[in-house]
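Being a predicted model, the structure only gives us computed values, none of them experimental.
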Amino acid sequence: MADIIIGLASPLVEIAIKKLTDVATTEFVNIKDEVEKLNNSFTEIKTLLGILEGNPPMDSSTASPLKNWLERLRAASYDMEDLIDCWTTEYQRWKMKQQQVQKFRLPFCAFKFLFLSRELSKLREITSRIDAINRDGQRYKSNRTMIAASDKSHSKTSGTGPVQDRLVVSREKDKEKIIEQLTTEKKAGRGTFSFIPIVGIGGLGKTTLAQLVFNDENVDRYFNFRIWVFVGNEFDMERIFREILVSLVRSLNVKRRQATESLKDMIQKKESQPETPVDPTLLAKLQTLFKDASPLDLNQLPSPSDLYSLPHLKDLDLHYSNSLDRLQTRPEIIDYTPLSLAQLETRILELLTQKRFLLVLDDLWNHKDEELEPLVKVLKHGAYGSKVLVTSRLKEVSNIMDSASPYSLQCLGDHESWWLFKKLAFKEDSDLIDSEFEKCGREIVGMCQGLPLATKQMAGLLRGKELGEWENVAKSQTWKARVEDTQILPALRLSYNHLPSPDHKQCFSLCSLFPKSYLYEKDELVKLWMAEGFIQPPTHGVGERTEDIGSRYFKELSDRFFFECSAEDNTKYRMHDLIHDLAQSVSSPFFCQVKDMKDFDEKSRHVSLLQEQLQKPTIEIVNKSKKLRTLLLPVQHLQLRAFGKGQGEIIHSLMYMRVLDMSSSTVVTLPDSIGRLKLLRYLDLSTTEIRKLPDSVCNLFNLETLKLLRCPWIFNLPKNLKNLVNLRHLELDEIFWFKTLMLPRSMGCLTSLHNLHKFPVSCETGNKLEELKNMVYLRGTLHISKLENAVNAGEANLKGKEMIEKVVYEWSSNDVNFHDEAAAKQVLEDLEPHPKALKELQICHYKGTEFPRWMGLLTNLVSIYLNHCTRSKVLDLRELHKLEQVRLKNMLELEDWNGDFESLKILRIVNCPKLKSCSHRGKTLDFLKIKRCESLEHLLFSCWRNPMSITLVDNPVLVHWTHNCESFFLIFLYWKFERGSELKIINCPKLHESPDNYIPKKLEASGCNSEFKIHPFLNMEHLALDACSAHGSLVGLPPRDVFDLRFLVISNISNLICLPDWGLPELGALYVRDCKALEYLSNQNKSFQGFTSLTTLSIHNCPKLVTLPVEGLPTSLKYLSIGSCARLMSFGPADVLQKLDSLHDLYIEDCPALQSLPEGGLPTSLLHLSIQRCPSLVERCGEEDGDWPKIKHIPDLEMKMPSTETATSSPSSSSTAWYHLRLRSLCGRSKRTIQVFMFGNSHLGRRIDLITNPRIIRCAKLQKEDGFRMMPSLSQCRTSSYSIPFISLRQSIALSLRWLSCLLNTYISISSKLP
């Protein structure tokens, strides 16, 4: 324990000496003697710590006083650092003021007199404390000699090959046994699934073994879904459900990626060995994964020799790779935080029901059966053979889960431990290991006691080190410490003690503020390390950024296995529980997690609050620890948390704060006193209701990170933002930049800023393009708007900014100064970006006729968007060989487009009225859209395969469309396997036919020529017809061409009397609306019975329809909606609805001629019935001798009932009282809901007396006795007035705006990527 205690103080002492060295300059000559005296004391202490660290005291009588001495030292070091940081800040602020106020220069000697007179007493007090600490520490020096960090007689070093992150040894037998249990279909302990627990002590490799099993190919093939959830100490069922849902969504894409990679491997083998056979099962698997259909039917393809030839396999690989790229651009990780447990359960069941799954519950501690029951209830819906693999340190887990016996994992043997150590500590290709290294290494491995985690830590520690350091580790007294003393493995303590620098130790300590099982994001962690001052910036003018140094620190910690890549999300990281225990041990008591105030230590300088309630603990913490540096809220809760009075206490009292996290709270305003936190470097106000930042925020001279994500009320930034000269990360949502008209002046002062998404140009000083000149760290996206105001655009020096990947150049849309074409051309010429860094280019409202020469030099450009470049006639992009996306919009003078891009995937041309011809030759075009091109006559495309989507809209003179595909094999594959192929033709009246070699799965046609010819579609699945002739070729398609239809929409076909006689046994959904002449749904052939798979039927606004089919409706129906059919009088036969034993939802509205429900009644399967604006039907449903017996079994009823005196009034009428009554009764475990909408003073009627436990909400004027005289339980009725909202109006608006903001951010961020 003693060596860890000593290691706690070393980083602070090192940092103190460094800061003292930096501050002892000529500017502070009056205090130089005091600073040097303090520096000498710290240097002596550093020497003492070196002695103690090399040979720590082992007796308990010494350890306790030593711990107290070290805590005194750490506290004094913190205070000294606070003082020096205050000095440095004041001095830098004084210098900045002198630069701003040139006429009245305050001599620095006056500044020193005013400032140092206040601070000198503090310096002397700290010096006195350090002297006393130094004297007290000298007694620990007696009888101890310093052990050299390295022995010069041993200069040999071990190899330094690459670190292998996933080395596993001697677990093959364990893996095979567990896989056998997983894939053997024995009787399940919980019905359809069973539990298999892996138990063992911490650090044994249970999670690693589970990952081996999880990633095994046989396991992958056996299960439909593989799900990984890290549970940890904090058992939170909602979090577990959310992670299950995320993992399910991701699982399918993982399978797709694996299959695509297998295809690439097969092609590579066939290239080197042409006789290599082709695996047809792989092609079938690809078809299933990308289409969710039946496996590949080789009998319907061209001859096997063509199918298996290398060129066609490459075509297939290209096809699936492009599909996978498109799928992976979709966001897989969705924020499910707002969903309740019940909603999460519903979503999971939709994906998991009747699917065989493997669920891994990693590090489970909870063994209470009743708490696991909600999870068990959901998992029972999976297919037979599903398994739950559990890792735990508790053997009791097996008893709770009905497992026959737990799988007990054993420690590694000596041979296996040495093999693992050798592979990590030496070069991978080192066959010969020096005997001295091997002897010392085996000794160290023996002390790791067969624990893989300890062995990996030692190997990571000793990689590349000299033999002397190996021997020092082997002889360390730490090995003699008992694990029971601290519960920390000696190997882990040694690994921490030998981290490369004090900075690494500090960075590691900060991780103790996060809860176990936390998912760390590298970039966010680095920002926190920077804010705490744990990363020292380069001192010799080196170009390396502080962020790069932090990333290097993170990698070095990962190489020593302090972090490991998360199994759930490979972009994030987790920390092993034992490593987290180490972090808490080394950081205590100055780093503290507060779950309860009992956990808080008054010595703490860094605190994280894990409680849901913030006000009380915050006030207590502030009162007990005035020198707090860090306040984090690392765990998000479902509701925003309120600081209350605690917010003011933090800002008024904690003057030494470096990190302040107030995210996900109800903060609305910040007091002006926020500017007093002069050492603050990190401020997070994300997901709050804050409306405006006070100007005093600009006094936060040291601020590096300002986070304002998901703050919908923030519309402007403070006017003196330029004073934040150290600001590096300004994080705002895309919606903020989208609506920003002007930024504060002199943004160019923020020379360290990394992200500036938008810069509106002005003629005024402080908003000109020259502000960008020295902002050399800008990266990502830069949108420069209002370029009509630009002067000397070359001053922006965009060519020198190597980290900008996307630029947007925009002139204002209302600028009518057309005569300034030369100026616009010169501006664009001067704004040349870095030719190799740029990947995306957008130019909007450019008035020039020619584009700049540098456009052809952008060798890595993948996307270009030209909008409202109204005078440009010629566009030549042929030199951009990596171009994947071209979007042309409102190019009013463009006459021709001739593209020849092999890599082009997306082409969109919109509103180019003079464009006469459009042609393209390439390989991989996926999306094509041409809209509002009034002069376009000819369309010619040549590619290796058909596009995934083609959209032609409002092209009135388009006559010829030629589509050449160089591989008919790919045409066939695309038709056979690609569910996404889509063709939309809207208002192209002169287009008489589609190309005979373009075969879509989905067709939407509207306003087409009555003679429009569609070539046979074979397996077409989706057809939508609008405003077409019933006598034309579309509706008149023969049944064989639409046999496989699954989705059919027929709308606005005025002369359609009866639906086509198509049969359609595969049709799942049929929508018919706005067909004014429609009288029958089926003809005399009773064709409606042919819809054997129909589950959804919607019929709306067909005023001549009198009855539903006489032969009845398909029994497969689940959803039936009928509306605005004024003459509809009958549902058909008496038992027409009763036979629909799958029907769940029935909606009837605006059918006044309907008098009653069918005599046979409704099916027992019906869950929801809605009847609106059908007065006769609603009235009959309320009568005991009417239709009430037919509907009383339905759980959810919804009806609109106009009273007799106000039957013609609308719900929105101001003269009518509008009531919405919702009544619930609980009968056992079932839920009963009735919704009744009423007008005027109508009573509820006598049906209300059947409700036994009502809850009435949103009834502003309803009296308790009104209509409730027959209710025996009226006294227990709970009422809530509509006029008293459940949340305040302010809160509801904020929540709505936040939701809207999220939607807009999502739209803005992906709009440029959409085809």
Rounded to the nearest 0.5 Å, what's the gap from CG on Leu631 to OG on Ser604? Could you check? 11.5 Å
Grab the two heavy atoms, one from Leu610 and one from Pro634, that are nearest each other, plus how far apart they are. CD2-CG, 3.5 Å
Just so I know, are the side chains of Phe590 and Lys603 near enough to count as touching, which here means a heavy-atom distance under 4.5 Å? yes
Between Asp82 and Arg629, does at least one N-O distance fall below 4.0 Å, as a salt bridge requires? yes
May I ask you to check whether over 12 heavy atoms, not counting those of Lys626, lie within 6.0 Å of atom NZ? yes
Is any side-chain heavy atom of Tyr682 closer than 4.5 Å to a side-chain heavy atom of Leu660? no
Has the side chain of Ser625 got a donor or acceptor atom that lies under 3.5 Å from a matching backbone atom of Ile621? no
So, Arg681 and Glu532, do they make that salt bridge, N to O below 4.0 Å? no
Considering non-hydrogen atoms only, spot the tightest contact between Asp85 and Thr89 and give its length. O-OG1, 2.8 Å
Quick check: do Thr705 and Leu683 have side-chain heavy atoms less than 4.5 Å from each other? no
Report the C-alpha separation of His504 and Glu556 in whole Å, then their side-chain angles, then the decisive distance to 0.1 Å, and conclude whether the side chain to side chain donor-acceptor pair (under 3.5 Å) test is met. CA-CA 9 Å; His504 289 76; Glu556 289 165 346; 2.4 Å; yes
So does Tyr656 get a backbone contact from the side chain of Arg658, meaning a donor-acceptor N/O pair under 3.5 Å? yes
State plainly whether the residues Glu521 and Lys527 are in salt-bridge range, i.e. N to O under 4.0 Å. no
Interatomic distance, Glu649 atom CD to Asn623 atom CG [nearest 0.5 angstrom]: 6.0 Å
Do the side chain of Asp601 and the main chain of Pro589 share a donor and acceptor less than 3.5 angstrom apart? no
Could you measure the distance from the CG atom of Asn68 to the CG atom of Leu73? Nearest 0.5 Å is fine. 12.5 Å
For Ser128, all residues meeting side-chain contact (heavy atoms from CB on, under 4.5 Å), sequence neighbours excluded: none
So, does Ser686 use its side chain to make a donor-acceptor pair with the main chain of Leu709 at under 3.5 Å? yes
Are Phe562 and Tyr496 close enough, and set up right, to give a ring-ring contact (aromatic ring centres under 6.0 Å, His included), and what steps lead you there? CA-CA 9 Å; Phe562 285 92; Tyr496 169 80; 7.5 Å; no
Across all chains, not counting sequence neighbours, the side-chain hydrogen bond (donor to acceptor under 3.5 Å, both in side chains) partners of Gln647 are none
Exam field: side chain Thr618 to backbone Gly646, donor-acceptor pair closer than 3.5 Å: no
Scanning both residues in full, the closest heavy-atom pair of Val526 with Ser551 reads CG2-N, 4.0 Å
Sub-3.5 Å donor-acceptor pair from the side chain of Ser558 to the main-chain atoms of Phe554, do we have one? yes
For Arg72, give me all partners under salt bridge (Lys or Arg N to Asp or Glu O under 4.0 Å), at least two apart in sequence or on another chain. Asp136
Using the side-chain hydrogen bond (donor to acceptor under 3.5 Å, both in side chains) criterion, which residues pair with Arg552? Sequence neighbours excluded. Glu544
Of all residues at least two apart in sequence or in a different chain, which pass the side-chain contact (heavy atoms from CB on, under 4.5 Å) check with Arg239? Asp236, Arg242, Glu243
Salt bridge Arg135-Glu44, side-chain N to carboxylate O under 4.0 Å: no
Could you state the interatomic distance from NZ (Lys692) to CD1 (Ile714), rounded to the nearest 0.5 Å? 10.0 Å
Check for a donor-acceptor pair, side chain of Ser665 on one end and backbone N or O of Met662 on the other, with a separation under 3.5 Å. yes
For the pair Gln506 (side chain) and Phe534 (backbone), establish whether a donor and an acceptor sit closer than 3.5 Å, ignoring hydrogens and angles. no
Does a side-chain heavy-atom distance below 4.5 Å link Asn702 with Leu724? no
Report yes if the side chains of Leu693 and Leu670 come closer than 4.5 Å at any heavy-atom pair, otherwise no. yes
I'd like to check the salt bridge (Lys or Arg N to Asp or Glu O under 4.0 Å) partners of Lys555; sequence neighbours left out, ordered by chain and number. Asp559
Take Ser587 and Ser509 through the side chain to side chain donor-acceptor pair (under 3.5 Å) test and state the conclusion after the steps. CA-CA 5 Å; Ser587 61; Ser509 297; 5.4 Å; no
Side chains of Lys678 and Cys86: does their closest heavy-atom pair fall under 4.5 Å? yes
Heavy-atom pair of closest approach, residues Gly550 and Ile535: CA-CD1, 3.4 Å
Close side-chain approach of Leu582 to Phe508, heavy-atom, < 4.5 Å: yes
Measure the shortest side-chain to side-chain distance between Val668 and Ile690 over non-hydrogen atoms and say whether it is less than 4.5 angstrom. no
Of Lys122, Lys627, Arg74, the one forming a side chain to side chain donor-acceptor pair (under 3.5 Å) with Asp79 is Lys627
Take the angle between the ring planes of Phe563 and Tyr520 and call it parallel below 30°, perpendicular above 60°, tilted in between. perpendicular
Would you name the heavy atoms of His652 and Ser673 that are closest together and state the gap between them? CE1-OG, 3.1 Å
Are the side chain of Ser608 and the backbone N or O of Leu513 linked by a donor-acceptor pair below 3.5 Å? yes
Can you name the closest pair of heavy atoms from Gln593 and Ser512 and give their distance? NE2-O, 2.9 Å
Could you give me the CA-CA distance, side-chain angles and deciding distance for Arg545 and His754, then say whether side chain to side chain donor-acceptor pair (under 3.5 Å) is met? CA-CA 11 Å; Arg545 300 179 308 133; His754 283 53; 2.8 Å; yes
Under the side chain to side chain donor-acceptor pair (under 3.5 Å) criterion, do Asn134 and Ser41 qualify, and how do the steps go? CA-CA 7 Å; Asn134 188 15; Ser41 296; 4.5 Å; no
Are any of the side-chain nitrogens in Lys516 or Asp581 under 4.0 Å away from the carboxylate oxygens of its partner? yes
Quick one, Glu704 with His729, criterion side-chain contact (heavy atoms from CB on, under 4.5 Å). Give me CA distance, side-chain angles, the key distance, then yes/no. CA-CA 6 Å; Glu704 296 175 346; His729 303 282; 5.8 Å; no
Once you round to the nearest 0.5 Å, how far does CZ of Phe643 lie from CD1 of Ile651? 9.5 Å
Using the rule given for side-chain contact (heavy atoms from CB on, under 4.5 Å), can you reason through Met575 versus Cys511, listing the C-alpha separation, both sets of side-chain angles and the distance that settles it, and then say yes or no? CA-CA 9 Å; Met575 184 176 283; Cys511 298; 3.6 Å; yes
Output the distance between atom CG (Leu708) and atom CG (Leu730), rounded to the nearest 0.5 Å. 7.0 Å
Considering residues, nucleotides and ligands other than Glu524, do more than 12 of their heavy atoms fall under 6.0 Å from its CD? yes
With side-chain contact (heavy atoms from CB on, under 4.5 Å) as the criterion, how do Ile130 and Ile45 come out once you've worked through the C-alpha distance, each side chain's angles and the decisive distance to 0.1 Å? CA-CA 9 Å; Ile130 294 296; Ile45 292 173; 4.0 Å; yes
